[in-house]
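A short write-up of the structure that comes next.
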Amino acid sequence: MTKTIVVKIGTSSLTQPETGQLALSTIATLAETLCSLRQQGHRVILVSSGAVGVGCARLGLTERPKAIALKQAVAAVGQGRLMRVYDDLFTTLQQPIAQVLLTRSDLVQRSRYLNVYNTFRELLGLGVIPVVNENDTVAVDELKFGDNDTLSALVASLVQADWLFLLTDVDRLYSADPRSVPDAQPIALVNSIKELAQLQIQTGSVGSQWGTGGMVTKISAARIAIAAGVRTVITQGRFPRNIEKILQGEPLGTHFQPQPEPTSARKRWIAYGLVPAGKLYLDPGAIAAIAQSGKSLLPAGIKAVEGEFDTQDAVQLCDSSGNEIARGLVNYSSEELQKIRGCHSREIPAILGYAGTETVIHRDNLVLT
Ligand SMILES: Nc1ncnc2c1ncn2[C@@H]1O[C@H](COP(=O)(O)OP(=O)(O)O)[C@@H](O)[C@H]1O
Ligand SMILES: N[C@@H](CCC(=O)OP(=O)(O)O)C(=O)O
């Protein structure tokens with residue numbers, strides 16, 4: 001049966017750790033593997049990092065730049081080089097590819113989000129393999145995916161993929177970073193987001209020399225993907241052929257079981273497409289009402305309001321320690337909420353001087369994260 005498969009490869013797999021030069025044999029095997037998946041009739045999207053790493057190697061820089069302008073300039077050098085290599089390899093294999101560079105703002109506005117979706121649909125319909133990266137050269141800090149793990153999960157969610165493969169430089173997820181904790185336990189299967197929380201995986205703070213997010217961004221990517229119904233696998237990038245073995249049922253890598261009832265496309269856009277503009281801190285009663293009983297959020301349960309936002313902006317809903325529980329679209333601005341927080345809904349007209357809606361966030365616009 002035809003599947004939609006998103007494969008994300010990180011800088012640590014695409015480049016040689018010592019020199020930062022391209023790992024040509026890995027890239028060539030990846031191209032062969034993806035072509036073979038296409039020949040089996042699958043729809044394939046490649047999310048490839050490497051613009052900054054390859055740009056650095058091209059310019060002789062020995063470490064990843066920190067200054068934003070330099071990083072953006074280096075990415076512009078590397079992205080072209082990277083696409084040239086991919087296009088040469090895929091063209092040799094008679095496989096057309098396309099470059100798709102995205103920034104977070106492309107997914108924030110609903111009309112642009114749908115536009116990106118339509119473009120992917122057309123490309124996949126044409127039998128093309130889209131090669132996706134963040135548009136690092138123009139992305140501004142507030143509107144960045146920041147890492148390609150998150151980007152790949154959002155793309156997998158957007159196209160409603162069946163599989164997301166996160167290829168990296170370790171063979172799977174461990175209970176702690178195997179580089180620093182030699183007896184860390186391998187994890188073969190994660191059944192649910194709840195089980196993921198219970199495993200209390202330690203991720204250290206950084207990734208490899210050229211990577212960005214380390215394991216923490218892969219785990220949060222897996223959470224986004226499985227909530228969207230996408231089976232997610234973390235596995236080693238040096239052996240791209242493992243993708244085919246995994247599809248045939250071999251127990252390689254760490255598998256994250258997709259949520260049986262995926263969140264709707266609109267709610268996924270609210271939760272992960274939009275950039276939250278503020279935070280609402282809730283009392284335990286409100287948390288129970290939204291998390292356990294699926295209720296709308298009323299002003300009475302809001303203890304504090306953080307940030308400045310307008311009606312219909314997205315906000316994070318947090319417990320008193322700031323842990324995020326949900327996201328949603330607000331019916332009131334931050335200024336209005338400062339006045340009505342903690343109050344009963346029937347008091348709203350008297351406080352604001354006009355009648356608003358009873359709910360601060362209606363349950364149709366509220367997503368548990
Ligand atoms: N719990 C963990 N299990 C496995 N790897 C981990 C864990 N915590 C941290 N890591 C580290 O994450 C690194 C991979 O992240 P990163 O360098 O960002 O890769 P990529 O470039 O593929 O995105 C691994 O090299 C590993 O050292
Ligand atoms: N967009 C950046 C990659 C960012 C990123 O997430 O890198 P990595 O951790 O290697 O997957 C680039 O192309 O260099």
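Atoms within each ligand, like the ligands themselves, are counted from 1 in listed order.
- Here is the list of ligand 1 atoms found below 4.0 Å of a heavy atom in Gln202: 1 (N), 2 (C), 8 (N).
- With a 4.5 Å cut-off on side-chain heavy atoms, Lys71 and Asp136 do not count as touching.
- Evaluation of the side chain to side chain contact (heavy atoms under 4.5 Å, CB included) rule for Pro276 yields Gln316, Arg327 as partners, not counting sequence neighbours.
- Contacts with ligand 2 closer than 4.0 Å are made by side-chain heavy atoms of Asp136 only, the backbone lying farther away.
- Between Leu173 and ligand 1, no pair of N/O atoms sits closer than 3.5 Å.
- An N or O contact shorter than 3.5 Å is missing between Asp149 and ligand 1 by distance.
- Near Asp147, meaning under 4.0 Å from one of its heavy atoms, ligand 2 places the atoms 6 (O).
- Short contacts between ligand 1 and Gly10, defined as distances under 4.0 Å to a heavy atom of the residue, involve ligand atoms 20 (P), 21 (O), 22 (O).
- Contact annotation for Lys8 and ligand 2: only side-chain heavy atoms (C-beta onward) come within less than 4.0 Å of the ligand.
- Taking only non-hydrogen atoms, the option from Ala176, Ser180, Ala184 nearest to atom 2 (C) of ligand 1 is Ala176.
- Looking at heavy atoms from C-beta onward, Val132 lies in side-chain contact with Ile45 at the 4.5 angstrom threshold.
- Partner of Lys218 under the salt bridge (Lys or Arg N to Asp or Glu O under 4.0 Å) criterion, chosen from Asp169, Asp149, Asp147: Asp149.
- Here is the list of ligand 1 atoms found below 4.0 Å of a heavy atom in Ile201: 1 (N).
- Judged as a side chain to side chain contact (heavy atoms under 4.5 Å, CB included), and not counting sequence neighbours, the contacts of Ser180 are Asp177.
- At a 4.0 Å heavy-atom cut-off, ligand 2 touches Val52 through backbone and side chain alike.
- Between Thr203 and ligand 1, a contact under 3.5 Å exists for at least one N or O pair.
- Close contacts between ligand 1 and Arg172 involve ligand atoms 4 (C) [criterion: under 4.0 Å to a heavy atom].
- Heavy-atom proximity to Asn148, at under 4.0 Å, picks out these atoms of ligand 2: 1 (N), 3 (C), 5 (C), 6 (O).
- Considering only non-hydrogen atoms, atom 5 (N) of ligand 1 lies nearest to Met215 out of Arg179, Met215, Lys218.
- The distance from ligand 1 to the heavy atoms of Leu167 drops below 4.0 Å at these ligand atoms: 22 (O).
- Proximity to Asp169 (heavy-atom distance under 4.0 Å) selects the following atoms of ligand 1: 13 (C), 14 (C), 24 (C), 25 (O).
- Listed by number with element, the atoms of ligand 1 under 4.0 angstrom from any heavy atom of Pro178 are 3 (N), 4 (C), 5 (N), 6 (C).
- Per-residue contacts place Thr11 under 4.0 angstrom from the following atoms of ligand 1 (heavy atoms of the residue considered): 21 (O).
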